[in-house]
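In what follows, a single structure is set out as structure tokens and then discussed.
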Amino acid sequence: MSIRAVVLALALVLSPAEAQQYPGGTHRFESPQGELAIHSGFVNNWNAHTFNVYSFLFKPVNSELGWQQVPVVERNDGSDLKFTVLTANTVDFTLRDARVAVVHGTFELWVAQKIYKESPYDDNVSVQLRRYVLVQTEDEERWVFQYASSRDLGRGTTIEQALNPRSRMKTK
């Protein structure tokens, strides 16, 4: 067996079961709010648990400030902000991923994650969908993805189904 065949077989075994929403590189989207760039970078741990890191830049319409780094804010007081979203995989399926959508002219970030007690292979695994809305803070010209709502999509839902734009996006 040649080294090339071994490397190819190893790559197939160690690659995640599902593709990420945003493969490595820069992905740009427009809305009435402005232009959003998602930078995605692949991290390979040389095991079954590879992941992508997403970071967000935003250029508001009619703004002279240019591109701004956009954090993801969990709490209204702004004390818990993150500048990246990490995906997660096993060899068999995606554990966490994210997608950006334009809803009524506004950018939204959807983060779907499997929730389980002991193992992602358990029968009681459900998927939680968290929704964030791109808003400008009142006290400064900063834009953030502000936490808006979450929903448990129940058992039997995949991350890919949760992030599908055709799925129902009802929130609590």
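Model, not experiment: these values are computed from the prediction.
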Tell me, with the steps shown, if V103 and W110 meet side-chain contact (heavy atoms from CB on, under 4.5 Å).
CA-CA 11 Å; V103 179; W110 305 335; 4.1 Å; yes
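- In the model, N52 has no side-chain atom that pairs as donor or acceptor with a side-chain atom of T87 under 3.5 Å.
- Pairing each heavy atom of L109 with each of A98, the nearest pair is CD1-CB, 3.9 Å.
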Mind running side-chain contact (heavy atoms from CB on, under 4.5 Å) on V72 and T84 for me, showing each step along the way?
CA-CA 8 Å; V72 178; T84 60; over 6 Å; no
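- L81 and V133 fall within the same hydrophobic cluster, defined by Ile, Leu, Val, Met, Phe, Trp and Tyr side-chain heavy atoms under 4.5 Å apart, directly or through other members.
- Closest non-hydrogen pair, V127 versus T157, comes out as CG2-O, 3.0 Å.
- When all heavy atoms of T26 and A37 are compared, the pair lying nearest together is CG2-CB, 4.2 Å.
- Summarising the geometry, atom CZ belonging to F107 is positioned 7.5 Å from atom CD belonging to E30; distances are rounded to the nearest 0.5 Å.
- Atoms CD and OH, from E108 and Y132 in turn, are 12.5 Å apart once rounded to the nearest 0.5 Å.
- V61 approaches P32 most closely through the heavy-atom pair CG2-O, 3.3 Å.
- Within the model, atoms CZ of F29 and CZ of F56 stand 10.0 Å from one another, a figure rounded to the nearest 0.5 Å.
- Closest approach of L36 and V100 over heavy atoms only: CD2-CG1, 3.6 Å.
- Proximity of a side-chain donor or acceptor of Q128 to a complementary backbone N or O of I115 within less than 3.5 Å is not detected.
- Distance alone, capped at 3.5 Å, is enough to place a donor-acceptor pair between the R96 side chain and the L86 backbone.
- Summarising the geometry of R155 relative to S126, their closest heavy-atom pair is N-CB, 4.1 Å, with the distance given to 0.1 Å.
- The aromatic rings of H27 and Y22 sit tilted, their planes meeting at an angle between 30° and 60°.
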